Amino acid sequence: MNKFFVTTSIPYANAPPHIGHALEFVQADVLARYWRSAGKKVFFLTGADEHGVKIARSAQKAGVTPGKFVNKNTAEFKKLIRLLAISNDDFIRTTDKKRHWPGAQKLWLRLIEAGDIYKKNYKGLYCVGHEAFVTEKDLAGGVCAIHKSKPEVIEEENYFFRLSKYSKIIESRIKNNELRIIPASRKNEILSLLKQGLEDISFSRPSKDLSWGIPVPGDKTHTMYVWCDALSNYITAIDYAEENDKFKKWWPADAQIIGKDILRFHAAIWPGMLLSAGLPLPKEIFVHGFITAGGEKMSKTIGNVADPFGIIKKYGADALRYYLLREIPPAGDGEFTDEKFNERYNADLAKGLGNLFSRVLTLAQKGKISPIENPKFALEIKKTEKILKQLMIDFKFNEALEKIWRLIALGDKYIDAKKPWSLDPNSKEFKKIIGELLSLIAAIGKLLAPFLPETAGKISKHIAGGKIATLFPRLK
RNA sequence: CGCGGGGUAGAGCAGCCUGGUAGCUCGCAAGGCUCAUAACCUUGAGGUCGUUGGUUCAAAUCCAACCCCCGCAACCA
C-alpha cells in the first residue's frame with residue numbers, strides 16, 4: 001500500500017508540555033515527512049486527551065471549568081507543535097463532541113454487540129481525601145499515605161470489557177509480527193505479560209464520580225473510562241463514526257508512536273478493543289524511552305525539567321529537533337543536559353554542517369558558479385539514500401543523521417584536498433570544484449529535509465541566491 | 001528468588017542475536033591548512049570489554065554463578 005498513517009499518543013492535557021512530548025512529536029514528524037517525500041500518501045495524526053477525574057480536579061483547584069482548563073493546556077501543546085514545525089495533518093481532541101464522541105460511542109456499541117461488555121461489582125478502597133479509589137500501593141500502614149485516613153471499602157457496579165477473551169490472539173499477532181512491536185525488547189516485554197493472560201478491565205465509572213467524560217451510550221449513570229474514551233481517538237479522527245471512504249483509506253495505522261509507559265495500553269488493551277469491534281490492528285507500534293537529566297529522571301519536583309519552549313526560543317526548532325533525533329537513542333532512554341546540548345550543537349551543527357556551508361558559499365561568491373555533479377559524490381549520496389530508507393523503516397533516526405554527516409565530512413575532505421582557495425576564481429578548475437561542492441550541499445539539504453525542515457529550506461534558498469549565511473552560530 | 005535496563009579508553013555510546021586483528025563521537029597531544037563560524041584535514045596516545053568459572057582451536061560476543069548502578073508511587077512520554 002502506498003499510504004502511511006502515523007499517530008502519536010495523545011498527551012494528557014493536565015499539565016503543559018515538556019521535552020518528552022517534543023521527542024515523540026519530532027520522531028513522528030520525521031516519519032511523516034520522510035514518507036511523504038518518498039511519495040507515499042501520509043496522514044499524520046496527533047491530539048489531546050482531555051477527560052478524566054484528574055483534569056476535573058485540577059480545573060477545580062485552578063478555579064476554572066474543566067473546559068477552560070483543557071483549552072489552556074491544549075493550546076500549549078498546539079503551540080509546541082507549531083514551533084517545532086510538526087507537519088501533522090490533524091489534531092483530535094477527546095472533548096470534541098462532533099468529531100470524537102460519536103466514534104467513541106459507536107466503538108462501545110460494537111463491543112456490546114460482540115458480547116464483550118458486561119456489568120460487574122467492583123470492590124475497592126475509597127479514600128475520601130483523594131475522592132477516588134486508591135490501591136494498596138497508596139497506603140502506608142493501612143492508611144492513605146497522603147491523607148492519613150483509613151480508606152473505606154466501597155462496592156460499585158462498573159462496566160467491564162472482556163479483554164481476557166483476546167489474550168491468546170493478541171499474543172499470536174505480536175509473536176508473528178502481524179502487529180510489529182519495535183524495539184524487540186518491548187516486544188518481549190509485552191509477550192511475557194500476555195503469556196500470563198490478560199484480565200478483564202474496568203471500562204466505566206459511575207457518573208457521580210466521573211462526569212468529565214463521554215457518557216456510556218444508553219446509560220446516563222455511567223461515564224466511559226479512559227480506554228474507550230482516549231484510545232479511540234486513532235479511529236474517530238478518521239471518521240470511524242461514518243466508516244466512510246476516509247476511514248477505509250487510512251485504517252489500520254501504519255505506525256503508532258508511543259512512550260514506554262503506555263505500552264500495555266497500546267499493545268494489549270487497544271488491540272483487544274479493535275479485535276472485538278472487528279477492526280484490523282495497527283501494523284507497527286514504535287516505543288520510545290524517556291529523557292533523563294544528568295542520569296536522573298526528569299521531575300518537576302526536583303526541578304531538572306528541560307523546557308522545550310525556552311530551547312526553541314534560544315536556539316531554534318531545528319537545533320532541538322537535531323538533538324532529540326541524533327543524541328537520544330530512538331528506542332531507549334536518553335539524556336538531556338545543557339552541556340550535551342551545547343556539545344552536539346557546536347560539533348555537528350555549527351562546526352559541521354554550518355561551517356561547511358559557510359566555507360563553500362564564501363568561495364562560490366567569488367565567481368558565478370552553478371552546481372555540477374561529481375560522480376563520486378553522486379555515488380555516495382545514492383548509497384546514503386538507500387541506507388536511509390532502511391534506517392527509517394527501522395526507526396533509527398540517530399543513525400540516519402550520522403550517515404548524512406558522513407557526507408559533510410566528505411565535503412570538508414574534498415575542499416582540503418583540492419585547495420580551491422589557491423586557484424584563480426575564474427579558472428575552469430575552480431568552478432568545477434565549487435560547483436561540485438554546491439551540488440553536494442544541495443543534496444545534503446535534501447536528505448536533511450525530514451529532520452531539519454527549516455535548515456533544508458535555508459540551504460536551498462541560499463544556494464539559489466548565492467548568498468552567504470550562518471546556519472547555526474557557534475555557542476560560547 | 002518481584003520485573004526490566006545497564007556495567008566496553010577521561011566522558012558518552014556502538015559492537016553481543018549470527019564467536020575470529022575492539023570501533024564511533026567528544027575531549028587530549030603532535031603536525032598540516034588558512035576558504036570557513038578560533039572553524040577544516042592528517043596522525044597519535046589512551047581499553048585486563050564489572051568479577052569468577054565453564055564451553056571452544058578461539059569469548060566483549062555463548063553458558064553459569066556472583067558484584068555494582070538505574071528505573072518500576074505521583075506530576076509525566
Side-chain angles (χ1 to χ4, degrees), chain A residues 8-12 14-25 27-28 49 54 58 130 134-140 145-146 183-186 188-190 192-193 196 257-263 265-266 287-292 295-303 305 326-329 331-335 337 339-340 342-366 396 398-399 402 405-406 408-423 425 430 433-434 437 468-476:
Chain A
T8 68
S9 59
I10 48 173
Y12 197 51
N14 190 37
H18 54 74
I19 198 154
H21 296 108
L23 172 70
E24 187 168 312
F25 290 144
Q27 288 183 333
D49 175 12
K54 225 183 274 175
S58 298
H130 272 86
V134 294
T135 63
E136 298 289 343
K137 289 177 192 165
D138 299 316
L139 303 181
I146 295 166
S185 55
R186 297 289 168 212
N188 293 339
E189 190 180 324
I190 198 73
S192 78
L193 190 90
Q196 298 160 37
I257 315 302
I258 63 166
K260 65 179 182 180
D261 56 327
I262 50 175
L263 172 65
F265 314 151
H266 285 78
V287 190
H288 62 76
F290 288 162
I291 295 176
T292 58
E296 283 183 36
K297 192 172 175 182
M298 276 198 188
S299 150
K300 283 175 193 165
T301 322
I302 300 171
V305 177
R326 177 66 182 84
E327 182 69 29
I328 310 290
D333 290 351
E335 277 219 305
T337 60
E339 291 74 29
K340 281 196 149 198
N342 283 354
E343 193 181 303
R344 269 289 167 214
Y345 179 100
N346 275 335
D348 296 356
L349 294 176
K351 301 188 204 169
L353 176 62
N355 185 53
L356 175 69
F357 182 78
S358 164
R359 64 198 300 208
V360 171
L361 260 75
T362 303
L363 290 165
Q365 248 198 347
K366 296 187 174 181
K396 292 182 175 169
N398 54 346
E399 288 184 40
E402 200 234 305
W405 252 254
R406 282 179 198 257
I408 293 172
L410 195 67
D412 275 327
K413 277 177 196 142
Y414 191 68
I415 298 186
D416 243 67
K418 296 285 178 184
K419 305 195 191 319
W421 56 84
S422 63
L423 299 171
F430 183 88
I433 293 164
I434 303 303
L437 285 163
I468 309 165
T470 300
L471 294 179
F472 297 98
R474 187 170 174 278
L475 304 177
K476 293 286 179 262

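Keep in mind that this is a model prediction, so the values were computed, not measured. Lettering of chains follows the sequences in order, A, B, ..., and the numbering in each one begins at 1.
- Using a 4.0 Å heavy-atom criterion, one finds that Pro420(A) contacts no nucleic acid atom at all.
- Following rounding to the nearest Å, Glu343(A) (CD) and U37(B) (C1') show an atom-to-atom distance of 18 Å.
- Closest-nucleotide positions on RNA chain B for Gly354(A) and Asp261(A) were compared, and the one nearer the 5' end corresponds to Gly354(A).
- In this structure, Lys260(A) atom NZ and G4(B) atom C1' are separated by 9 Å, rounded to whole Å.
- Glu24(A) and His288(A) share a side-chain donor-acceptor pair at under 3.5 Å.
- Here Asp412(A) lies in heavy-atom contact (under 4.0 Å) with sugar-phosphate atoms only.
- In terms of modelled atom types and a separation under 3.5 Å, the side chain of Asp333(A) and the main chain of Gly289(A) share no donor-acceptor contact.
- For G10(B) and C49(B), the P atoms lie 13 Å apart once the distance is rounded to whole Å.
- When atom types are taken as modelled, the side chain of Thr337(A) and the backbone of Lys340(A) share a donor-acceptor pair closer than 3.5 angstrom.
- Salt bridge present: Arg359(A) and Asp416(A) bring a charged side-chain N and a carboxylate O closer than 4.0 Å.
- Per the geometry, CG belonging to Leu349(A) stands 12 Å off C1' belonging to U37(B), to the nearest Å.
- Pair check for C35(B) finds none; no Watson-Crick or G-U wobble contact set falls under 3.5 Å.
- Using atom P as the reference point in both C68(B) and A73(B), the two lie 22 Å apart (nearest Å).
- Base pairing of C72(B): its partner is G2(B), meeting the Watson-Crick or G-U wobble criterion (both donor-acceptor distances under 3.5 Å).
- Residue Ile262(A) is in sugar-phosphate contact alone, with no base atom involved, counting any heavy-atom pair closer than 4.0 Å across all strands shown.
- Considering only the side chain of Lys340(A), G12(B) comes nearest among C35(B), G12(B), C76(B).
- The residue Pro11(A) sits close only to the backbone: its heavy atoms come under 4.0 Å of sugar-phosphate atoms, none of a base.
- For the pair His18(A) NE2 and A74(B) P, the interatomic distance rounds to 14 Å; values are reported in whole Å.
- With U37(B), A77(B), A39(B) as the candidates, the nucleotide lying closest to the side chain of Thr470(A) is U37(B).
- Contact annotation for Asn14(A): backbone-only contact, meaning every heavy-atom pair under 4.0 Å involves sugar-phosphate atoms and none involves a base.
- One C1' atom belongs to A65(B), the other to C24(B), and the distance between them is 33 Å to the nearest Å.
- Side-chain nitrogen and oxygen atoms of Arg474(A) include at least one within less than 4.0 Å of the OP1 or OP2 phosphate oxygen of A39(B).
- Looking at Arg186(A) and Glu189(A), a side-chain N of the basic residue comes within less than 4.0 Å of a carboxylate O on the acidic one, giving a salt bridge.
- Comparing G44(B) with C57(B), their P atoms sit 36 Å apart, to the nearest whole Å.
- Leu363(A) has its CG atom 7 Å from the P atom of A36(B), to the nearest Å.
- Protein atom CG of Leu23(A) is 13 Å distant from nucleotide atom C1' of C76(B), rounded to whole Å.
- With a cut-off of 3.5 Å on both pairing distances, the Watson-Crick or G-U wobble partner of C24(B) is G12(B).
- At least one test fails for Lys366(A) against the ring of Phe430(A): distance under 6.0 Å to the centre or angle within 45° of the axis.
- The side chain of Ser9(A) approaches A77(B) more closely than any other nucleotide in the set C26(B), G12(B), A77(B).
- When Watson-Crick and G-U wobble pairs are counted only if both distances are under 3.5 Å, A29(B) pairs with U43(B).
- Rounded to whole Å, atom P of A36(B) lies 12 Å from atom CG of Leu361(A).
- Across all strands shown, A64(B) forms a Watson-Crick or G-U wobble pair, both distances under 3.5 Å, with U52(B).
- Without hydrogens or angle criteria, Trp405(A) side chain to Asp348(A) main chain gives a donor-acceptor distance under 3.5 Å.
- The same atom, P, is picked in A22(B) and in C41(B); the two are 27 Å apart, to the nearest Å.
- Among the atoms of the strands shown, base atoms are found under 4.0 Å from some heavy atom of Phe472(A).
- Between the side chain of His266(A) and the backbone N or O of Leu263(A), no donor-acceptor pair lies under 3.5 Å.
- Within the structure, a side-chain polar atom (N or O) of Lys54(A) is placed less than 4.0 Å from OP1 or OP2 of C76(B).
- The separation of G27(B) from C67(B), taken at their P atoms, amounts to 39 Å, rounded to a whole angstrom.
- Among the heavy atoms of the strands lying under 4.0 Å from Ser358(A) is at least one base atom, whether or not backbone atoms are also near.
- Here, A9(B) and A60(B) have their C1' atoms 14 Å apart, quoted to the whole Å.
- Residue Asn346(A) places no side-chain N or O under 4.0 Å from the OP1 or OP2 atom of U37(B).
- Taking atom C1' on both nucleotides, G20(B) is separated from U37(B) by 46 Å, rounded to a whole Å.
- Between Lys413(A) atom NZ and C40(B) atom P there is a gap of 12 Å when expressed in whole angstrom units.
- Between Lys419(A) and Lys351(A), the residue anchored closer to the 5' end of RNA chain B is Lys419(A), taking for each the nucleotide with the nearest heavy atom.
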